[in-house]
K.L.:
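The structure is given below, and queries will be raised subsequently.
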Amino acid sequence: MSNGNNEDQNKIRRKKVSSSNNPTKTTTNSTQNDSSSRSKSRKSNNKKDKFRFFRLTGVFILALLVVGAAAGTGLVFSSLRNVEPVTKALLDEKTYQTTKIYYADGSLLSNAPSTNKKEPVSLDDMSDHLKNAIVAIEDERFYEHSGVDIKGLFRSAVKTLLGKTQGGSTIPMQVSKMLLTSSEQTLPRKVKDIYYAYEMSKTLSKDEILEAYLNNFFVGRGLIGAQAGAHGYFSKDASELSLAESALLAGSTKNPSAYSAYIPDKLNGSETKEDLENRLLFYTNTTDDNWDDPTDVDFNIIDKLYYDWKLIDTDTHTQLKKGTLIVRKAVNNSKAKQRQEVVLAKMLELGYITQEEHDKAVAEEIKICLPKTEDTVVTSVQDLIESEVISALMNQGHTWDEADNLFRNGGLNIYTTIDSSMQDILEGEYENTNNFPGTKYINGIPQPQSAMVILDYKTGQIKALVGGRNIKGRKTLNRATTAQQPGSTIKPLSVYTPAIDTLEITQADSLSDARGGYKFSQNNKWNPATTTAGSGYMTLRKALAYSSNTIAIKTAEMLGDSYEECVDIMLDYLKNFGITTLKDSKTGDINEGDRRFPALTLGGMTYGVSPLEMASAYGTLANSGVYIEPTIFTTITTYDGQLLVKATPDEHKVVSEDVAYVITDMLKSVITEGIGGSAAIGGGIEVAGKTGTTNGKLDAWFVGYTPYYVASTYIGDDAGTKDPNTGETIARRGVDGSSGTAARLWSAVMKKVHSGLTKASFTVPSNIYFSNINLIDGGTSSGGARAAFINGTSPRRVSSYQTQTNTQDEDVEEEPDNTDDTASDPPDNEGGTTTPPSDTNTDTGANNGTGTGNGTTDNGTNNGAGNGTTGGTDAGTNNGTGNGATDNGGTEPIPPAQ
């Protein structure tokens with residue numbers, strides 16, 4: 001269009017100037033002129049177009065520069081809003097910071113443990129080789145620039161554009177990142193580092209800056225600074241580092257995790273004492289870590305480490321044999337050696353060392369020598385706090401090394417959930433040997449061992465925790481978080497909660513406690529012994545109160561139409577209750593994993609359940625059916641109060657508040673009507689809970705809750721301990737007093753915890769009503785037990801029996817729950833009878849008539865209709881309606897329709 005307009009204008013001009021008398025000539029000249037004009041016009045326009053392109057490009061670039069400058073200026077100003085003056089005092093303050101751990105009330109619980117903690121020293125106490133190695137590999141123009149190396153930054157930018165990675169940070173910039181900013185890969189952080197590097201170079205000398213760097217740089221394996229690195233890898237001071245060792249430490253700065261001086265390796269059984277001395281590493285072994293489980297080779301060499309070479313202590317040996325710890329050896333890291341040679345080559349290039357020194361250092365053998373642990377004794381609470389905090393920091397993207405460094409050396413403030421007074425109460429009771437009858441010291445460790453956890457179930461917060469008796473050091477076995485065989489404490493979670501949740505089964509339903517007669521052939525083949533009289537009927541309420549094994553199994557069979565469906569339902573409920581240690585094998589083999597009735601109804605599990613998880617599971621019932629993941633800290637902040645982590649525990653509904661209350665009502669009967677009377681705490685405060693034992697009384701439990709707190713108590717000898725003289729494994733003993741001992745310990749602690757609290761009962765939901773039931777046939781009765789029901793459900797009959805509620809004053813032993821410590825074999829058929837409360841004599845004769853046996857044990861045959869209330873064990877055949885506790889006489893009732 002532009003060219004067209006020009007042509008029109010030329011035509012008009014030509015018409016105005018045409019005045020010649022020679023039209024032909026004029027026309028010819030006009031044509032020539034027109035052609036020439038058009039040619040010139042095109043050239044002129046082409047030039048104009050080219051200039052226009054350059055002008056537009058220039059304007060665009062200028063606009064970009066202006067916008068970029070404005071954005072850059074804004075970025076700089078926003079990045080530098082909160083900067084602080086850089087002084088040596090400030091760097092020293094941050095270098096010597098200590099992480100602090102606080103109780104829930106804000107008082108100091110402890111400082112972070114000392115293991116791997118940096119140990120700042122003056123520059124004069126560091127090897128000159130280390131100083132030169134760091135400068136050579138990290139910042140070769142350190143003594144020339146003013147905090148920022150412009151050449152280095154430009155080179156880094158160019159290589160980044162070419163797709164290569166090259167760091168441009170100087171030593172002052174790295175000191176800024178270590179102490180003043182963070183490790184975030186963001187532009188504002190880079191801007192701050194540049195600013196602080198310039199300011200640092202104005203106010204500090206080169207030696208002061210280098211000292212700050214060398215006291216804070218990360219050398220891997222949780223080691224911070226020159227002195228900690230020298231101690232942690234070579235058991236020597238930083239001033240004693242050789243050239244080869246110095247270059248190895250300096251090389252780790254590129255990637256501390258990849259270039260640490262050693263890596264852990266499995267033992268192969270061919271090692272000598274000299275191969276392993278000062279090179280042993282120990283790690284906690286859990287179900288969800290990345291370590292291989294111990295092998296026969298590991299177990300064989302463990303005894304050699306302890307008995308022959310004396311390289312480990314008794315507690316470590318016990319844990320290794322139990323499999324809760326694993327052992328590895330420290331071997332030289334080949335990648336670290338390669339990186340060391342790069343550092344040495346750079347030092348040679350810059351003239352820090354001669355060719356002869358270089359060659360000698362390259363050839364020098366690096367000898368790893370781990371230091372002896374000098375940790376002071378701490379509680380299992382502190383160990384758990386450390387583990388949970390490091391895990392939370394890793395969830396934010398930190399590597400383990402970075403998270404460990406932050407925990408120990410980051411000057412963090414960790415606010416825990418631990419109640420100082422409750423913790424003191426718990427630790428005080430665990431120091432009282434009277435709470436643990438039959439105590440025997442084996443290899444210096446008291447047995448039986450024990451663990452207890454107290455939770456505020458409304459928040460999931462751990463208020464107090466003890467992971468063992470007579471703890472001797474850090475990282476010892478924490479039995480509060482270690483899975484143990486749960487025995488009958490599993491029943492309310494896996495059997496009775498899903499049963500009540502059907503809204504078709506109630507606690508008034510009555511089943512026979514006799515052996516056999518199971519719905520599924522697998523259970524008839526298994527056919528475990530009963531823990532009650534085994535000759536009559538009783539309600540689910542009484543079956544739970546007296547921990548009937550047979551009725552628990554028969555109730556579980558009512559959950560589905562097939563064995564597999566029932567197993568799936570029980571597993572699903574346990575997982576929702578927060579049990580993470582289930583072995584859910586779907587091979588179809590009933591003897592493998594936990595997909596089997598022996599594991600899910602009587603607690604003979606592959607791994608078991610930890611006291612912590614058991615407490616949170618029962619806390620779900622106390623918390624109206626809502627599970628809240630247990631937590632041990634609320635927040636983690638930086639030294640200056642900036643929030644790093646806030647605990648956000650998982651929370652989900654497992655059952656309705658109505659179902660949860662009915663189970664609570666049934667668990668109250670364990671204390672008021674059953675075998676858990678020793679757990680009562682008085683003061684008008686209700687208690688609901690469950691006892692649990694395993695075969696031979698090897699494990700004893702009581703898990704219970706009040707309207708305030710839930711607590712889980714476990715007692716049992718450690719497995720795998722050996723006689724120090726013979727090396728033979730010492731058999732585990734049964735717990736003196738069985739679950740009654742656990743219940744009494746629970747009560748002793750909880751009485752003090754609840755001292756001063758007002759009397760309280762569990763809140764009854766609006767959809768719950770109560771009815772008195774006979775504990776034998778479950779029919780409504782003018783007497784009997786007052787039981788809770790959900791609206792829409794009810795007892796199935798009116799009772800024809802005049803039954804009294806069997807109230808107990810004190811707890812007694814609960815016989816084995818027929819569980820087994822092994823996963824592959826179903827629990828054996830060893831059984832027994834539940835012993836009701838007694839301070840009475842034993843009647844070994846037969847009761848063939850009517851009359852009242854006051855507090856006797858009927859070990860004979862009861863063929864009559866007597867009203868004998870027994871206070872002992874009914875170990876014989878009871879053809880009446882007595883069930884090992886109250887023999888109410890009469891004929892055996894007709895079982896209610898199910």
K.L.:
Could you state the interatomic distance from CD1 (Ile385) to OG (Ser380), rounded to the nearest 0.5 Å?
P.N.:
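Here the interatomic distance stands at 10.0 Å.
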
K.L.:
Step by step, work out the side-chain hydrogen bond (donor to acceptor under 3.5 Å, both in side chains) result for Ser547 and Ser488.
P.N.:
CA-CA 7 Å; Ser547 201; Ser488 288; 2.9 Å; yes

K.L.:
Can you check whether Phe762 reaches Leu667 side chain to side chain, under 4.5 Å on heavy atoms?
P.N.:
no

K.L.:
List the residues meeting side chain to side chain contact (heavy atoms under 4.5 Å, CB included) with Pro446, not counting sequence neighbours, and say none if there are none.
P.N.:
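Only Thr439, Tyr441, Gln449, Arg469, Asn470 meet the side chain to side chain contact (heavy atoms under 4.5 Å, CB included) criterion with Pro446.
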
K.L.:
Restricting to side-chain hydrogen bond (donor to acceptor under 3.5 Å, both in side chains), what partner residues turn up for Asn791, sequence neighbours left out?
P.N.:
Asn767

K.L.:
For a quick check under 3.5 Å, do Tyr714 and Asp699 share a side-chain donor-acceptor pair by atom type?
P.N.:
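Side-chain D/A pair, Tyr714 to Asp699: present.
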
K.L.:
Please identify each residue that fulfils salt bridge (charged side-chain N to carboxylate O under 4.0 Å, His left out) with Asp718, with sequence neighbours left out.
P.N.:
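By the salt bridge (charged side-chain N to carboxylate O under 4.0 Å, His left out) rule, Asp718 matches Arg479.
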
K.L.:
Sub-3.5 Å donor-acceptor pair from the side chain of Lys554 to the main-chain atoms of Ser512, do we have one?
P.N.:
yes

K.L.:
Specify the closest pair of heavy atoms between Ala483 and Thr581, including all atoms of both residues, with the distance to one decimal.
P.N.:
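Taking Ala483 first and Thr581 second, the nearest heavy atoms are CB-CG2, 4.2 Å.
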
K.L.:
Can you list the steps and then say if Val381 with Thr416 is a side chain to side chain contact (heavy atoms under 4.5 Å, CB included)?
P.N.:
CA-CA 10 Å; Val381 163; Thr416 76; over 6 Å; no

K.L.:
Report the residues that fulfil side-chain hydrogen bond (donor to acceptor under 3.5 Å, both in side chains) with Thr706, sequence neighbours left out, ordered by chain and then residue number.
P.N.:
His754

K.L.:
With distance as the sole criterion, is a donor-acceptor pair present between the side chains of Lys491 and Asn549 under 3.5 Å?
P.N.:
yes

K.L.:
Can you name the residues that form a side chain to side chain contact (heavy atoms under 4.5 Å, CB included) with Glu431, not counting sequence neighbours?
P.N.:
none

K.L.:
Under 4.5 Å between any side-chain heavy atoms of Tyr708 and Val753, yes or no?
P.N.:
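A side-chain contact under 4.5 Å is absent here.
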
K.L.:
Do Ile768 and Ile790 come within less than 4.5 Å of each other through their side chains, counting heavy atoms only?
P.N.:
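Yes, at least one pair of side-chain atoms sits under 4.5 Å.
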
K.L.:
Just jot down the side chain to side chain contact (heavy atoms under 4.5 Å, CB included) partners of Thr648, sequence neighbours excluded, or say none.
P.N.:
none

K.L.:
What pair of heavy atoms forms the shortest contact from Trp746 to Ala711, and how long is it?
P.N.:
NE1-O, 3.0 Å

K.L.:
Please examine the side chains of Phe597 and Val567, heavy atoms only from C-beta on, and report whether any two atoms are closer than 4.5 Å.
P.N.:
yes

K.L.:
Counting only heavy atoms not in Lys759, do more than 12 fall under 6.0 Å of its NZ?
P.N.:
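Open.
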
K.L.:
Please report the closest heavy-atom contact between Met605 and Pro486, naming both atoms and the distance.
P.N.:
SD-CG, 3.6 Å

K.L.:
Could you tell me which non-hydrogen atom of Val670 sits nearest to which non-hydrogen atom of Ala545, and how far apart they are?
P.N.:
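What the structure gives for the nearest pair is CG2-CA, 3.9 Å.
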
K.L.:
Is Ser712 reaching over with its side chain to a backbone N or O of Val703, donor-acceptor style, under 3.5 angstrom?
P.N.:
no

K.L.:
With side chain to side chain contact (heavy atoms under 4.5 Å, CB included) as the test, would you mind laying out the steps for Glu686 and Thr672 before giving the verdict?
P.N.:
CA-CA 10 Å; Glu686 287 189 326; Thr672 59; over 6 Å; no

K.L.:
With no hydrogens and no angle check, is any side-chain donor or acceptor of Ser387 less than 3.5 Å from a backbone partner on Asp383?
P.N.:
no

K.L.:
With side chain to side chain contact (heavy atoms under 4.5 Å, CB included) as the criterion, how do Leu612 and Ile462 come out once you've worked through the C-alpha distance, each side chain's angles and the decisive distance to 0.1 Å?
P.N.:
CA-CA 9 Å; Leu612 176 58; Ile462 300 172; 3.9 Å; yes

K.L.:
For Thr620, what residues pass the side chain to side chain contact (heavy atoms under 4.5 Å, CB included) criterion, not counting sequence neighbours?
P.N.:
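Per chain and number, Thr620 pairs via side chain to side chain contact (heavy atoms under 4.5 Å, CB included) with Phe577, Tyr627, Val654.
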
K.L.:
Is the shortest heavy-atom distance from the side chain of Val655 to the side chain of Asn576 under 4.5 Å?
P.N.:
no

K.L.:
Minimum heavy-atom separation for Asp456 and Lys463, please, with both atom names.
P.N.:
N-CG, 3.7 Å

K.L.:
Hey, does the side chain of Thr417 reach the backbone of Gln461 with a donor-acceptor pair shorter than 3.5 angstrom?
P.N.:
no

K.L.:
Quick one: pull up CD1 in Ile490 and NZ in Lys690 and give me the separation to the nearest 0.5 Å.
P.N.:
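Those atoms lie 11.5 Å apart.
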
K.L.:
Is the ring pair Tyr415/Tyr102 parallel, tilted or perpendicular, if the boundaries are 30 and 60 degrees?
P.N.:
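If you compare the ring of Tyr415 with that of Tyr102, the planes turn out parallel.
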
K.L.:
With sequence neighbours left out, what residues match Lys575 under salt bridge (charged side-chain N to carboxylate O under 4.0 Å, His left out)?
P.N.:
Asp584

K.L.:
Check this for me: does any side-chain nitrogen of one of Asp717 and Arg733 sit under 4.0 Å from a carboxylate oxygen of the other?
P.N.:
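Salt bridge present between Asp717 and Arg733.
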
K.L.:
Identify, with sequence neighbours excluded, every residue that meets side-chain hydrogen bond (donor to acceptor under 3.5 Å, both in side chains) alongside Gln507.
P.N.:
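Partners of Gln507 under the side-chain hydrogen bond (donor to acceptor under 3.5 Å, both in side chains) test: Arg541, Asp665.
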
K.L.:
Do any N or O atoms from the side chain of Asp594 and from the backbone of Thr606 form a donor-acceptor pair under 3.5 angstrom?
P.N.:
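A pair under 3.5 Å: yes.
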
K.L.:
Will you find, in the side chains of Asp513 and Ser548, an N or O donor that is under 3.5 Å from an N or O acceptor?
P.N.:
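There is no such pair (donor and acceptor under 3.5 Å, judged by atom type) between the side chains of Asp513 and Ser548.
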
K.L.:
For Glu657, what residues pass the salt bridge (charged side-chain N to carboxylate O under 4.0 Å, His left out) criterion, not counting sequence neighbours?
P.N.:
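Testing Glu657 for salt bridge (charged side-chain N to carboxylate O under 4.0 Å, His left out), a comparison that skips the adjacent residues, returns none.
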
K.L.:
Is the side chain of Ser510 donor-acceptor paired with the backbone N or O of Tyr537 at a distance under 3.5 Å, no angle test?
P.N.:
no

K.L.:
Quick one: does Leu745's side chain get under 4.5 Å of Phe436's, heavy atoms only?
P.N.:
yes

K.L.:
Please test Leu465 against Asn478 for side chain to side chain contact (heavy atoms under 4.5 Å, CB included), starting from the C-alpha separation and ending with a verdict.
P.N.:
CA-CA 10 Å; Leu465 178 148; Asn478 189 344; 4.2 Å; yes

K.L.:
List the residues meeting salt bridge (charged side-chain N to carboxylate O under 4.0 Å, His left out) with Asp501, not counting sequence neighbours, and say none if there are none.
P.N.:
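By the salt bridge (charged side-chain N to carboxylate O under 4.0 Å, His left out) rule, Asp501 matches no residue at all.
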
K.L.:
Got a sec, which residues hit side-chain hydrogen bond (donor to acceptor under 3.5 Å, both in side chains) with Tyr430, two or more places apart in sequence or on another chain?
P.N.:
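side-chain hydrogen bond (donor to acceptor under 3.5 Å, both in side chains) check on Tyr430 returns Ser450.
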
K.L.:
Hydrogens and angles aside, do Thr539 and Lys542 bring a side-chain donor and acceptor to less than 3.5 Å of each other?
P.N.:
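Per modelled atom types, Thr539 and Lys542 side chains form no pair under 3.5 Å.
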
K.L.:
Give a yes or no answer on whether the side chain of Ser678 reaches the backbone of Gly740 with a donor-acceptor pair at less than 3.5 Å.
P.N.:
no

K.L.:
Whether the side chain of Asn435 engages the backbone of Glu429 through a donor-acceptor N/O pair (distance < 3.5 Å, no angle test) should be reported.
P.N.:
yes

K.L.:
Would you say the side chain of Val662 lies within less than 4.5 Å of the side chain of Val659, judging by non-hydrogen atoms?
P.N.:
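Counting from C-beta outward, Val659 and Val662 never come under 4.5 Å.
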
K.L.:
Please determine whether a side-chain nitrogen of the Lys or Arg among Asp568 and Arg595 lies less than 4.0 Å from a carboxylate oxygen of the Asp or Glu.
P.N.:
yes

K.L.:
Is it true that the side chains of Tyr705 and Thr664 contain a donor and an acceptor less than 3.5 Å apart?
P.N.:
yes

K.L.:
Is there a donor-acceptor contact under 3.5 Å linking the side chains of Ser781 and Asn774?
P.N.:
no

K.L.:
Any side-chain heavy atom of Phe702 sitting closer than 4.5 Å to one from Thr691?
P.N.:
yes

K.L.:
Which heavy-atom pair separates Ala787 from Ile773 by the least distance, and what is that distance?
P.N.:
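Looking at all heavy atoms of both residues, the closest pair is CB-CD1, 3.9 Å.
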
K.L.:
With no hydrogens and no angle check, is any side-chain donor or acceptor of Ser739 less than 3.5 Å from a backbone partner on Gly692?
P.N.:
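No: the side chain of Ser739 does not pair with the backbone of Gly692.
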
